[in-house]
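Letters go in sequence order (proteins before strands), and every chain restarts at 1.
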Amino acid sequence: MLTAEEIHEIKEEFHLYPYKQAACIEALKVVQKHRRWVSDENVKDLAGLLEMSAEEIDSVATFYNLIYRKPVGKYVILLCDSVSCYIMGYETVLQHLERTLGIKYGETTKDDRFTMLPVPCLGTCDHAPAMMVGKDLYRDLTPEKIDEILNSYK
Amino acid sequence: MERPLTKNIRPDGKPVFIKEYESLGGYQSVKKALKMQPKEVTELVKKSNLKGRGGAGFNTGLKWSFVPMEGEFEHKYLVANGDEMEPGTFKDRLLIEGDPHQLIEGMIVTAFAIQADEGYIFIRGEYAYAADVVAKALAEAYEAGYLGSNIMKTGYKFNLHLHTSVGRYICGEETALLNSLEGKRANPRAKPPFPQVSGLFGQPTIVNNIETLCNIPHIINNGVEWYNGLSLTPGDGGTKLFGASGKVKKPGLWELPFGVTLRELLEDYAGGMQDGLKFKGCLPGGASTDFLVAEHLDIKMDYASVAAAGSRLGTGTMIVLDDKTCPVGMVLNLEHFFAQESCGFCTPCREGLPWTEKILRKIEEGKGEMKDLDILQFHTKFMGPGNTFCALAPGAMAPLQSALKYFREDFELHIKEHKCSWK
């Protein structure tokens, strides 16, 4: 069941579009904001609200890599694996994150704190390698810097 | 040297908000443009030789002129494309985060020229800070009467909204972006009809890149002659944000006239290669442009000169390859990106790009055969311009075909030695 708050926030988005199906992505974002990810049940509930089929909504949800259809931890780490970060050695950063957190891409730490995913170019290539933790961007990464960053997320 | 686009941007990149922006001469072009006829604004921009800064390089005023100016429409839309996801590109972020009102001002004037009443600023989901900055700037612009139903009491109406996206490179393709704004999967649309005639929700629509829109206030304020005078290349108006990433001494972003040479960019601005490294090549304008190599260092950085050298100016932000980084590994990284980001709609792209990636991985891991190079070569034709639904796969083939041309011996070395000698 979607909460009253979620339904209210989704309905607010309807005003921005000529018909409510166009708010599909916004609706998925609202659900994810409240629940970290979007479950099968949420997809079905959204289908009712937006008067679309669940399959149609899922076809949108699974297209976009920043909509999570599996549970994620409290903070999602998005590590840039594109070309400038490749040249500047993101693979060392990845190995350090894997060792420190004990997880690989797509996995979540046991304490439910971090999920790690690769992401295409973060658009800060003059400060590669780069990653995001939640909404925060970190650049010129080194193993020492990463330890400090991870410790600041409780 | 004048730097209109970045003149307000602080060294620390902290945003310039409305009071400061107005004190620096902001929003003057709106006052000026609203006293003109919409068609005069379009004509001025056409003559300015401003070309689309998202990579295609099409005359902006000409693009606007395809929007029907007669007849009744439910709405006309203007969309700012801030989906900056071309690997190696980091220019629009600076403009959005550092000077958000310059973008809004450019959009108001553009909307007036095409008589749009609704607009969206489409920003990629990862640019969370940029989105916060834009949200605040939009609220300020409404409050000051630059946006809304009676702009500066002239009766002109333009509502502008922020849309934050949720990933996928293909959203940068303008028709895919429109599908995404409509809440759908971001598959590109067939053209014609072009968005100028039937775009967002079936209404006339212009999609322009962020950097393109940021040029508009300066053209209106200072005129066509001044604008063309900024450039060293006749036919390419204005300045360009150029950038460099990779193992150069000073990676960064600089606003410079069209027509600076690649060598000046690399040596004078990026400070040359890091100690102990040599320049092997570069992708001059993002991941989907062909490699240029040492023999091209003296070419001028403008649309025609880079095209004559066999590449594209693209986004103007180059990715530099040094002699200690494996060129096969670099191309593999690029093709992995393109294979992953294919929207999956048309067969050559959906099937061909993962195939290309697999062969490159095989070669990089020392398991390649000479005939694999022929298959790669075949793919560069098979997925070249005209054979796929949109420009994603041809873009993906650009670095591959040029790598096969300039770095063929490096591919062959992997195959002969059964390993990557750069590791």
Most contacts with chain B, counted as non-hydrogen pairs under 4.5 angstrom, among [options]:
| options | result |
| --- | --- |
| A:L28, A:V60, A:D136, A:N65 | A:N65 |
| A:G134, A:C121, A:A61 | A:C121 |
| A:S59, A:C24, A:A128 | A:S59 |

Taking NZ, NE, NH1 and NH2 as the nitrogens, is one of them in [X] or [Y] under 4.0 Å from a carboxylate oxygen of the other?
| X | Y | answer |
| --- | --- | --- |
| A:K29 | A:E26 | yes |
| A:E6 | A:R35 | yes |
| B:E182 | B:R189 | yes |

Using non-hydrogen atoms only, which part of A:D81 is less than 4.5 Å away from chain B: side chain, backbone, both, or neither?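 Looking at A:D81, backbone and side chain both touch chain B.
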What part of A:L50 gets closer than 4.5 Å to chain B, counting heavy atoms only: side chain, backbone, both or neither?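 Contact with chain B: none, neither part.
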[X] portion near chain A, given a 4.5 angstrom heavy-atom threshold:
| X | answer |
| --- | --- |
| B:E74 | neither |
| B:C343 | both |
| B:V320 | backbone |
| B:Y129 | neither |
| B:A244 | backbone |
| B:D92 | neither |
| B:E335 | neither |
| B:T317 | neither |
| B:F337 | side chain |
| B:R168 | both |
| B:T89 | backbone |

With chain A, which of [options] has the greatest number of heavy-atom pairs at distances under 4.5 Å?
| options | result |
| --- | --- |
| B:E86, B:K250, B:E126 | B:E126 |
| B:G329, B:A128, B:G243 | B:G329 |
| B:K324, B:H163, B:E84, B:H336 | B:H163 |
| B:Q340, B:M330, B:H161 | B:M330 |
| B:T164, B:L181, B:N159, B:L94 | B:T164 |
| B:A287, B:P251, B:A186, B:G246 | B:A186 |

Side-chain touch A:I77/A:T115, heavy atoms, less than 4.5 angstrom: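 Contact flag for A:I77/A:T115 side chains = no.
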Would you check if A:V76 and A:M132 make a side-chain contact, meaning some heavy-atom pair closer than 4.5 Å?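 No, too far: nothing below the 4.5 Å cut-off.
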Do A:Q32 and A:Y68 meet the criterion of a side-chain donor-acceptor pair at a distance under 3.5 Å?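 Side-chain D/A pair, A:Q32 to A:Y68: absent.
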Is the gap between the ring centers of B:F73 and B:H75 under 6.0 Å?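 Between B:F73 and B:H75, the centre distance exceeds or equals 6.0 Å.
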Please tell me whether A:F14 and A:Y19 form a close aromatic pair, meaning their ring centres lie under 6.0 Å apart.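 Centroid separation for A:F14 and A:Y19: 6.0 Å or greater.
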Any idea which heavy atoms bring B:L266 and B:F279 closest together, and the distance?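 For B:L266 versus B:F279, the nearest heavy atoms are CD2-CD1, 3.6 Å.
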Is there a side-chain contact (heavy atoms from CB on, under 4.5 Å) between B:D322 and B:K247 once you walk through the steps? CA-CA 7 Å; B:D322 56 274; B:K247 291 189 175 166; 3.7 Å; yes
Exactly one of A:T62, A:N42, A:D40 should register a side chain to side chain donor-acceptor pair (under 3.5 Å) with A:R69. Which one does?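 Testing A:R69 for a side chain to side chain donor-acceptor pair (under 3.5 Å) against A:T62, A:N42, A:D40 leaves exactly one candidate, A:D40.
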Just one of A:H15, A:E51, A:E13 clears the side chain to side chain donor-acceptor pair (under 3.5 Å) bar with A:K20, so which one?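 Considering A:H15, A:E51, A:E13, a side chain to side chain donor-acceptor pair (under 3.5 Å) with A:K20 is found only for A:E51.
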Take B:K423 and B:E364 through the salt bridge (charged side-chain N to carboxylate O under 4.0 Å, His left out) test and state the conclusion after the steps. CA-CA 10 Å; B:K423 277 191 181 121; B:E364 174 68 358; 3.1 Å; yes
Kindly indicate, with the supporting measurements, whether the criterion side-chain contact (heavy atoms from CB on, under 4.5 Å) is fulfilled by A:V43 and A:L46. CA-CA 5 Å; A:V43 168; A:L46 284 175; 5.7 Å; no
Distance check, rounded to the nearest 0.5 Å: A:L122 atom CG versus B:Y127 atom OH?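 So the CG of A:L122 and the OH of B:Y127 are separated by 8.0 Å.
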Please say whether the positively charged group of A:R113, taken as NZ for Lys or CZ for Arg, lies over the ring of A:Y153, i.e. under 6.0 angstrom from the six-membered ring centre and within 45 degrees of the axis.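 Relative to the ring axis of A:Y153, which defines the angle, A:R113 lies outside at least one limit.
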Quick one: which residues of residues 96-109 of chain A reach chain B at under 4.5 angstrom, heavy atoms only?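 Heavy-atom contacts from residues 96-109 of chain A to chain B are absent.
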Hey, mind stepping through A:D111 and A:K154 against salt bridge (charged side-chain N to carboxylate O under 4.0 Å, His left out) and telling me if it holds? CA-CA 10 Å; A:D111 62 2; A:K154 297 298 170 197; over 6 Å; no
